[in-house]
Amino acid sequence: MNIALLLQMAADTDPGRIALVCDGRRWSYGALQAAARGAAANIVAGGCAHVALLDESSEAAPIALFGAALAGVPYVPLNYRLADTDLAALLQRIAPACVIGDIDRVQRLDPEGGHTCLGRDAFVAAAEAAADGASDEEREGEGIAAQIFTSGTTAAPKAALLRHSNLLGYILGTVEFCSAAEDDAQLVCVPPYHIAGISALLSSIYAMRRLVLLPAFDPDDWLELVATEKVTNAFLVPTMLARIIERIDAGAPAALDSLQAIAYGGGRMPLELIRRALDLFPTASFTNAYGLTETSSTIALLGPEEHRLAQTSDDPAVRARLGSVGRPLPTVELEIRDEEGRPLSAGERGEIYVRGEQVSGEYRERSALDAEGWFPTRDAGWLDEEGYLFLTGRADDVIVRGGENISPGEIEDVLMTHPAIVDAAAVGVPSVEWGEAVGVAVVVKPGPETPGDEELRALVKDRLRSSRVPERIVRLQALPYNEMGKLLRRKVREVF
Amino acid sequence: MKPGTRLKSAVCDTEVMVIRGGDGAIECGGAPMAEDKPAAGGEPAAEFAGGTLMGKRYVDEAGTIELLCVKPGKGSLSVDGAALRTKDAKTLPSSD
């Protein structure tokens, strides 16, 4: 099995159709397929262990992804926003690699790595030049299509491995071949090193939906591309959606009539934000996707009808589902389990376990799958009676106070109900008496209604119980997030 | 039959990839398929001439064998003489 098949099928079906638009350049499926074949020939000739991309989104990403796939070498998109020391460590872990993108940085950070470095344009030109006469042969290699370093919000980045069988299982199970209309266009603005960046390439190519790449997210550029390319589908992380809405509210030009579907994921979506978006885009369908790098992207989703239903229903349980991530895909199994690994019933909080073809759960160092193939996601959550999944945070973020497990989410939700609290994070802080106690970092609106510590403690005590009452409260200007809108709890812990 | 194996029709252009393998001879147009295009040639048998569709998945009644059509043709698919049917796609909204 090889993911190169997806592009091959699209190119066989309609080689002249436009597959990708980036910085004004257009690539047909046939041209993309030829470049991937040429890239594969160059990669095989170069004899490297990995094909890495250290660059923003461009045509080089799919050419490297499919070229590496044909060559049987893992594709490793690297986070160009990492600090030098962190990036140097990753470069050493993948040496010797063919690295595409920021050549100077690679040579400066890992001069002894034996890497073959190519700038974006040089890589693409060499791939096109080698296309003629390059073979269609698919090499198997280790069967690994992509190696993605996890973001490392809690620990050192892990090298998650996605096999061809995982990614193909995901795409074949969730996308109908050539199902997109000829005018459909998908705007991709997530960085290429994120799993959503890879799954967007794969699913759009298989659906034969034109890819419109935005190399680096900017709300005004996003709005302009939607208008000029008549974009029909888009994926956003919540912080991006918030910034787009801010610009629309500020009067930025927005011609959004073509937009039919917006999918979002990758972080917690504030309820007020999604409600606002539903009102602002009354004809667009919204889909909330939940997934992890280790699961080849989406494992649960809340579809468009469920969004509108939750927005308009009088039933509190149905309304609450707007805060859920929907139901598991029909192609995966999902369970909530307690600390001993026993399955829990509806309404009980525990750790999310998942199993299915798309679930890798495998790292370069070890596999996290249990004997029956279940992957413990380390995400905490619960299912309602109808099977809707609610996330409550990372299992590793649970605060253990005197033997009692406390989910940061429940405290944060209560604090956020205070009109003067803009943002809140609860973390475990060392406590002589309890081992760990609750510490909260809050961002407070300036003004006369600024609540004192006692008011916040009383709020938590009234709504929850005394064990949840924060022992320590600090006020920050802003909470630390990474560029994908993920809260960096390890940094929050450092302020206590 | 190992998943990922590509099989070609002896009587038309059809090519499939095995998603899930099982026992039994995989046929197209009534003639056995093979990794290298079988030399048999000829036309699809009348009862297996419905054609294959690009990108469709085909399964047997028991659901043990699943094939993906990666090149369409005039023949239709069967295992040991029993016709395969297309697997109904689960319509999911795009989430990427």
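Chain letters run A, B, ... following the sequence lines, proteins first and then strands; every chain starts at 1.
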(request) Please flag which part of Y170(A) lies under 4.5 Å from any non-hydrogen atom of chain B: side chain, backbone, both or neither. (result) side chain
(request) Return yes if some donor-acceptor pair links the side-chain N/O of N166(A) with the main-chain N/O of E357(A) below 3.5 Å, else return no. (result) yes
(request) Examine whether an atom of M54(B) lies under 4.5 Å from a heavy atom of chain A, and if so say whether it belongs to the side chain, the backbone or both; otherwise answer neither. (result) both
(message) With a 4.5 angstrom heavy-atom cut-off, is it the side chain or the backbone of Q186(A) that approaches chain B, or both, or neither?
(response) side chain
(request) Heavy-atom distances under 4.5 Å only: say whether T174(A) touches chain B with side chain, backbone, both or neither. (result) both
(message) Counting only non-hydrogen atoms closer than 4.5 Å, does I19(B) touch chain A with its backbone (N, CA, C, O), its side chain (CB onward), both, or neither?
(response) both
(request) Answer with side chain, backbone, both or neither: which region of L202(A) has an atom nearer than 4.5 Å to a non-hydrogen atom of chain B? (result) neither
(message) Once you measure the plane-to-plane angle for Y264(A) and H307(A), does it fall in the parallel (<30°), tilted (30-60°) or perpendicular (>60°) bin?
(response) perpendicular
(message) Looking at chain B, which one of L301(A), T13(A), L5(A), D12(A) has the largest number of heavy-atom pairs inside 4.5 Å, strictly under?
(response) L5(A)
(message) Any donor-acceptor pair under 3.5 Å linking the side-chain atoms of D96(B) with those of S203(A)?
(response) yes
(message) Given heavy-atom pairs under 4.5 angstrom as the criterion, report whether the side chain, backbone, both or neither of A200(A) touches chain B.
(response) both
(request) Answer with side chain, backbone, both or neither: which region of T331(A) has an atom nearer than 4.5 Å to a non-hydrogen atom of chain B? (result) side chain
(message) At a heavy-atom distance under 4.5 Å, which candidate from A261(A), P330(A), A196(A) has the highest pair count against chain B?
(response) P330(A)
(message) Do I3(A) and L65(A) make a side-chain contact, defined as non-hydrogen atoms from C-beta onward lying under 4.5 Å apart?
(response) yes
(message) For the residue pair S78(B) / E27(B), report whether a side-chain donor-acceptor contact shorter than 3.5 Å exists.
(response) yes
(request) Heavy-atom distances under 4.5 Å only: say whether S199(A) touches chain B with side chain, backbone, both or neither. (result) both
(request) Indicate yes or no for a side-chain donor-acceptor contact from E43(B) to the backbone of A49(B) under 3.5 Å, with no hydrogens or angles considered. (result) no
(request) Tell me, yes or no, whether the heavy-atom count around D36(B) atom CG, taken from other residues, nucleotides or ligands under 6.0 Å, exceeds 12. (result) no
(message) Using modelled atom types and a 3.5 Å cut-off, is there a donor and acceptor pairing between side-chain atoms of D80(B) and backbone atoms of A25(B)?
(response) yes
